[in-house]
Amino acid sequence: NEVKELWMTVSDIKERLKADLKMDFSTEHLRKMLSKFNQLGACLYIDEPHLNQHVVLKPKMMIECVKSLIYDKALHMRQQHRYQLDGIKLQLWQRFSRTGILDTSLLKDLWASIGDSHIGEDERHFLIKLLEKNMLISEAGDKDIVVVPMLQDLFHLTPADTILVEIRRQ
């Protein structure tokens, strides 16, 4: 029986276990089970603040999210083409492509087509925190801006270069 959801919250899993299987686990017990499933690779669950409310039921989906962000050239070209009629988004996308500086509002569009499920605001926030934890992105001082260091490496930019690009842009 294939899992259709990409993720669920811990409380949703707890409710489903209770409704479908008549099993009532304590939250602590459920978190221990999810941690074990995580170790086995059956799901992605991280029992840390800001990450312990969501469970990724299809861990392979995370690869798609990371790939789309780090550099999937075909996807990036499609996104740039989609933004041709939206001057603001086009500028934000071009800045991301040039410098690795990403306005998080673009993630909604970038991750919209991954999997069969909707990636909502809570899930985007979770993914951003997960990527930060694994040092694939970093905060840029503004809650709506992140830096993708791998893109900076790809373009051979240093943090100082990134700052200069931003200063020149303004």
Rounded to the nearest 0.5 Å, what separation is found between the [atom1] atom of [X] and the [atom2] atom of [Y]?
| X | Y | atom1 | atom2 | result |
| --- | --- | --- | --- | --- |
| Lys108 | Arg124 | NZ | CZ | 6.0 Å |
| Leu92 | Ser97 | CG | OG | 11.0 Å |
| Glu121 | Leu107 | CD | CG | 9.5 Å |
| Leu110 | Arg78 | CG | CZ | 10.0 Å |
| Asp24 | Lys22 | CG | NZ | 11.5 Å |
| Glu123 | Trp111 | CD | CH2 | 11.0 Å |

Worksheet item: Among pairs that include at least one residue of residues 35-70, which meet ring pair (Phe, Tyr, Trp, His ring centres under 6.0 Å), considering only residues two or more places apart or in two chains?
Response: His54-Phe126
Discussion item. Does anything in residues 14-33 form a ring pair (Phe, Tyr, Trp, His ring centres under 6.0 Å)? List the pairs, not counting sequence neighbours.
Written reply: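 For residues 14-33, and leaving out neighbouring residues, the ring pair (Phe, Tyr, Trp, His ring centres under 6.0 Å) pairs sorted by first residue read Phe25-His29.
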For a 4.5 angstrom cut-off between non-hydrogen side-chain atoms, does [X] reach [Y]?
| X | Y | result |
| --- | --- | --- |
| Lys67 | Glu64 | yes |
| Asp122 | Thr9 | no |
| Leu130 | Met62 | yes |

Shortest non-hydrogen contact from [X] to [Y]?
| X | Y | answer |
| --- | --- | --- |
| Asn38 | Leu44 | OD1-CA, 3.3 Å |
| Val55 | Leu34 | CG2-CD1, 3.6 Å |
| Ile137 | Leu69 | CG2-CD2, 3.6 Å |
| Leu127 | Cys65 | CD1-SG, 3.9 Å |
| Ile145 | Thr104 | N-CG2, 4.4 Å |

Could I get the full list of side-chain hydrogen bond (donor to acceptor under 3.5 Å, both in side chains) partners for [X], not counting sequence neighbours?
| X | result |
| --- | --- |
| Thr27 | Lys14 |
| Asn134 | none |
| Ser35 | none |

Heavy atoms of other groups near [X] [atom1], more than 12 under 6.0 Å:
| X | atom1 | answer |
| --- | --- | --- |
| Leu21 | CG | yes |
| Gln94 | CD | yes |
| Leu40 | CG | yes |

Worksheet item: Are Ile88 and Phe96 connected, step by step, through hydrophobic side chains (Ile, Leu, Val, Met, Phe, Trp, Tyr) whose heavy atoms are closer than 4.5 Å?
Response: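 Yes, one cluster joins them.
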Discussion item. Hydrophobic cluster membership, with links at side-chain heavy-atom distances under 4.5 Å among I/L/V/M/F/W/Y: are Met23 and Met8 in one?
Written reply: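 Yes: a chain of side-chain contacts under 4.5 Å links Met23 to Met8.
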Discussion item. Suppose the criterion is salt bridge (charged side-chain N to carboxylate O under 4.0 Å, His left out): which pairs have a residue in residues 39-54, not counting sequence neighbours?
Written reply: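 Qualifying pairs, neighbours excluded: Arg31-Asp47, Glu48-Lys133.
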Fill in: Name of the residue among Leu90, Ile101, Leu106 meeting side-chain contact (heavy atoms from CB on, under 4.5 Å) with Arg95
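Among Leu90, Ile101, Leu106, the one that satisfies the side-chain contact (heavy atoms from CB on, under 4.5 Å) with Arg95 is Ile101.
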Worksheet item: Would Val10 and Asn52 count as a side chain to side chain contact (heavy atoms under 4.5 Å, CB included) if you check the C-alpha gap in whole Å, the side-chain angles of each, and the deciding distance to 0.1 Å?
Response: CA-CA 8 Å; Val10 172; Asn52 62 0; 5.9 Å; no
Item to complete: Determine, stepwise, if the pair Asp109 / Tyr83 fulfils side chain to side chain contact (heavy atoms under 4.5 Å, CB included).
Response: CA-CA 10 Å; Asp109 299 331; Tyr83 293 144; 2.7 Å; yes
Worksheet item: Can Lys18 and Glu15 be said to form a salt bridge (Lys or Arg N to Asp or Glu O under 4.0 Å), step by step?
Response: CA-CA 5 Å; Lys18 190 173 184 176; Glu15 287 175 24; over 6 Å; no
